[in-house]
Amino acid sequence: MATIKDVAKLAGVALSTASYALNGDSKVSAKTKSKVLEAARELNYRKNGFAMDLKRSRTNTIALILTDLSGPYYSELIRSVQDVALANGYDLIACSSMGERDSTAVRFLREKRVDGAIILAHNIHDDILVESAGSRFPIIVMDRHLSGDHLVNVLVDGEQGGYLATRHLIQEGHRTIAYISGPSNSYDNALRYQGYLRAMQEAGLEERSKWKLSGSFVREGGYSATKMMMLQGELPSAVFYGNDEMAIGGLKAFEESGISVPNDISVVGFDDIQLSEYVHPPLTTIRQPKHEAGSLAGHLLFQMLNGEAVNPSYTLTIDMVVRRSVRSVQSSTDTQPIQPA
C-alpha cells in the first residue's frame with residue numbers, strides 16, 4: 001500500500017509539502033498541488049477514511065506512544081505526563097508501538113481516536129507523524145528532530161551526554177573504551193554515539209570495531225553484548241553503555257565471570273534510572289531530566305490544543321552523576337586479558 005512518503009518521492013517534493021497538498025492547504029501552489037495529486041492518483045494513494053470523517057468533538061484523552069511500556073525510564077515518563085493530563089481534566093492512554101505500521105498506536109494516530117499525542121517511539125515512521133499532525137491533532141515528538149506544522153520536538157542533548165560520559169572516562173585515565181549501543185535506527189542512540197566519538201577523537205583515541213556492540217537499550221541486550229565482548233578474550237579498560245538498563249545487564253555479566261567493576265573494568269551508563277543508584281557498584285551515569293521532559297511535553301501539547309503558539313523545538317540539558325562504577329587509573333594498556341572466573 002502506497003504511503004505519503006511514496007507520493008512525495010514520486011512528486012519530487014518534501015514530505016511536509018505532500019501532506020499540505022493532500023490536505024488542501026493554501027500555502028502550496030496550484031502547480032505543486034496538481035503534481036502531488038497526480039502522484040497520489042498514479043500510486044492509488046488513499047487517506048484513511050475514518051480519520052477524515054471522524055467527528056470533530058474532543059475526546060478529552062491524549063495518547064503517549066512508547067517503544068516499550070516495561071522499562072523503568074518509561075514508567076517515570078508516563079507518570080509525569082499523566083500528572084499534566086489529570087491537571088487538565090484529561091485521561092491518558094499509554095500504548096506500545098510494537099508492530100510499527102500495523103500497531104494500535106498507528107491506528108490511534110491515523111484515525112485520531114484521541115485529541116493529541118506524545119511520541120517516544122523510534123519505530124513510528126516520520127511520514128506517519130507528518131501526515132497525522134494537524135491543527136486539531138497536535139503531536140509532540142520526543143525521540144527525534146522532525147519538522148512540520150503542528151509538530152513540536154522535545155529533545156535531550158544526547159550528543160553532549162555521550163561526550164561527557166566518555167570524557168569522564170578519559171579524564172580518569174582510560175584509553176580503551178567500548179560503546180554498547182541501542183537500536184541502530186534510534187535517534188537517541190545516534191546522538192550518544194556521536195558524543196562518544198567526539199570525545200574519543202578529541203583525545204586522539206581510536207574506536208575499536210570489535211568493542212562496538214548492540215544491546216538494543218534493554219537489560220538482556222546489555223548482558224548478551226557484554227558476554228560477547230568477553231568471548232573475544234580481552235577487554236577494554238572501560239565501557240560506555242548507551243543506557244542504564246544495558247549497563248545493569250553488563251554488571252551482571254561481569255559479576256558472573258568474576259570480573260570486578262570498577263577494579264578490573266569501569267562502567268558508565270546513561271539515563272540515571274532509579275535502579276542505577278542501588279546496583280552494585282552504584283552506577284556512574286548521565287542524568288536525563290525525565291520528569292521535566294515528560295511534564296514539558298504534556299504542557300506543550302495542551303497549549304497547542306488550546307490554540308496557543310509554541311516554539312517548534314525545545315532542548316533540555318543533562319548532568320553527569322558520578323558514583324562508584326568508574327576507577328581512576330594511572331595508565332591503561334590497549335587491552336586486558338580475561339582471567340578465568
Side-chain angles (χ1 to χ4, degrees), residues 1-58 62-63 65 97 99-155 183-187 190-191 300-301 303-305 307-315:
M1 181 182 294
T3 67
I4 191 173
K5 189 173 184 179
D6 300 321
V7 174
K9 183 177 180 181
L10 182 60
V13 299
L15 191 62
S16 56
T17 302
S19 177
Y20 299 148
L22 291 167
N23 286 307
D25 198 302
S26 60
K27 70 177 66 176
V28 180
S29 70
K31 181 179 179 181
T32 300
K33 185 181 297 183
S34 176
K35 188 162 54 173
V36 171
L37 293 176
E38 177 59 32
R41 281 192 293 270
E42 185 175 334
L43 294 169
N44 197 31
Y45 171 79
R46 293 289 184 273
K47 293 187 68 175
N48 185 288
F50 183 90
M52 296 177 68
D53 297 334
L54 189 67
K55 63 182 181 179
R56 296 300 182 184
S57 60
R58 289 191 173 182
I62 61 171
I65 299 175
S97 61
E100 301 191 13
R101 291 186 182 274
D102 297 324
S103 66
T104 299
V106 170
R107 289 200 300 274
F108 268 91
L109 294 173
R110 285 183 162 158
E111 298 174 5
K112 297 178 173 57
R113 300 185 184 184
V114 291
D115 296 336
I118 298 171
I119 313 294
L120 182 59
H122 63 267
N123 55 350
I124 299 289
H125 296 271
D126 289 355
D127 59 312
I128 293 173
L129 299 178
V130 171
E131 182 181 3
S132 299
S135 60
R136 303 179 71 87
F137 192 79
I139 293 178
I140 309 294
V141 184
M142 298 187 69
D143 62 341
R144 75 195 85 174
H145 190 276
L146 184 60
S147 298
D149 282 356
H150 316 295
L151 280 166
V152 170
N153 303 280
V154 172
L155 305 169
S184 60
N185 60 346
S186 164
Y187 179 77
L191 290 179
L300 290 171
L301 187 63
Q303 288 178 49
M304 295 170 75
L305 285 169
E308 300 175 28
V310 298
N311 294 331
S313 186
Y314 297 79
T315 301

query = Under the side-chain hydrogen bond (donor to acceptor under 3.5 Å, both in side chains) test, which residues partner Asp126, sequence neighbours left out?
reply = Arg144

ask   = By side-chain hydrogen bond (donor to acceptor under 3.5 Å, both in side chains), which residues pair with Glu38, not counting sequence neighbours?
value = Arg41

inquiry  = I need the minimum non-hydrogen distance between Leu301 and Ile139, along with the two atoms involved.
reply    = CD1-N, 4.5 Å

task = Name all residues meeting the side-chain hydrogen bond (donor to acceptor under 3.5 Å, both in side chains) criterion together with Ser186; count only those two or more places apart in sequence or in a different chain, and write none if there are none.
result = none

ask   = Checking side chain to side chain contact (heavy atoms under 4.5 Å, CB included) for the pair Val130/Asp127: CA distance, chi angles, key distance, verdict?
value = CA-CA 5 Å; Val130 171; Asp127 59 312; 5.7 Å; no

query = Can you find a heavy atom in the side chain of Leu146 that is under 4.5 Å from one in the side chain of Ile119?
reply = no

ask   = Taking atom types as modelled, is there a side-chain donor on Ser29 or Thr32 under 3.5 Å from an acceptor on the other?
value = yes

task = Please report the C-alpha distance between Ile4 and Ser19 in whole Å, then the side-chain angles of each, then the deciding distance to 0.1 Å, and finally whether the side chain to side chain contact (heavy atoms under 4.5 Å, CB included) criterion is met.
result = CA-CA 7 Å; Ile4 191 173; Ser19 177; 3.7 Å; yes

inquiry  = Run Ile62 and Val114 through side chain to side chain contact (heavy atoms under 4.5 Å, CB included) and show every step you take.
reply    = CA-CA 5 Å; Ile62 61 171; Val114 291; 5.5 Å; no

remark   = Nearest heavy-atom contact between Pro138 and Met304 is CB-CE, 3.5 Å

ask   = So, do His145 and Tyr187 sit near enough that their side-chain heavy atoms are less than 4.5 Å apart?
value = yes

Ile65 to Ala105 - nearest heavy-atom pair and separation = CG2-CB, 3.5 Å

inquiry  = Could you tell me if the side chain of Ile128 sits less than 4.5 Å from the side chain of Lys5, heavy atoms only?
reply    = no

key: Beyond-backbone contact of Arg113 with Arg107, side-chain heavy atoms, under 4.5 angstrom   = yes

ask   = After noting the C-alpha distance and the side-chain angles of Val152 and Ser313, does the key distance pass the side chain to side chain contact (heavy atoms under 4.5 Å, CB included) rule?
value = CA-CA 6 Å; Val152 170; Ser313 186; over 6 Å; no

query = Taking all atoms of both residues into account, what is the closest heavy-atom pair of Phe137 and Gly116, and its distance?
reply = CE1-N, 3.8 Å

task = Would you name the heavy atoms of Val310 and Tyr314 that are closest together and state the gap between them?
result = CB-OH, 3.7 Å

ask   = Closest heavy-atom contact between Val36 and Val13?
value = CG2-CG2, 3.9 Å

